[in-house]
Amino acid sequence: MVRQTITITNPTGLHMRPAAVFAQEMDKFKCDVHIRYKGSRVNAKSLLSIIAAVIKCGAEVAIECEGEDELEAMNKAIELIEGFTE
């Protein structure tokens, strides 16, 4: 398992559009991908789960990937989160 903490910098947080892109991209990987936020573990392949977490700008989240392509999934997750600008 790999884990990395990252700060959400998108001014609107992980709202509908970036959450949808994130979930779709993470679903392409075989490994399990989760977001840890405020004590909850959210399935990062589920748009509804990400939206329900209400992850706002400035939030620190931990991305966790576990499985055969975990490093590739982690790299993509970080790339996406850092690339969301609105």
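Worth knowing before you read on, the calculation uses all heavy atoms, side chains too, and leaves out hydrogens, waters and symmetry mates.
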Within 6.0 angstrom of Met1 CE, more than 12 heavy atoms from elsewhere: yes
Over all atoms of both residues, closest heavy-atom pair of Cys57 and Pro11: CB-O, 3.6 Å
Donor-acceptor pair, side chain of Gln24 and main chain of Val21, under 3.5 angstrom: no
ILVMFWY cluster membership beyond Leu48 - transitive side-chain contacts under 4.5 angstrom: none
Member of Val54, Asn10, Ile50, Ile51 meeting the side chain to side chain contact (heavy atoms under 4.5 Å, CB included) criterion with His15: Asn10
4.5 Å side-chain heavy-atom contact, Leu14 and Phe84: yes
Gap between atom CD1 of Ile8 and atom CD of Glu82 - 0.5 Å precision: 10.0 Å
Pairwise side-chain contact, Lys76 with Leu80, heavy-atom cut-off 4.5 Å (strictly under): yes
Any donor-acceptor pair under 3.5 Å from Asp69 side chain to Phe29 backbone: no
From CD (Glu70) to CG (Asn75), nearest 0.5 Å: 11.0 Å
Minimum heavy-atom distance Phe22-Ala44, with the two atoms named: CE2-CB, 3.7 Å
Side-chain touch Val42/Val61, heavy atoms, less than 4.5 angstrom: no
Euclidean distance, Asp32 CG relative to Cys65 SG, rounded to 0.5 Å: 9.5 Å
Asn43 vs Met26 side-chain heavy atoms within contact, under 4.5 Å: no
Sole residue of Ile55, Ile6, Thr7 in side chain to side chain contact (heavy atoms under 4.5 Å, CB included) with Glu60: Thr7
Polar side-chain atom of Asp27 near backbone of Lys45 as donor-acceptor pair, under 3.5 Å: no
Test side chain to side chain donor-acceptor pair (under 3.5 Å) applied to Glu25 - qualifying residues, sequence neighbours left out: Lys28
Passing option when His34 is tested against Arg3, Glu64, Arg41 for side-chain hydrogen bond (donor to acceptor under 3.5 Å, both in side chains): Arg41
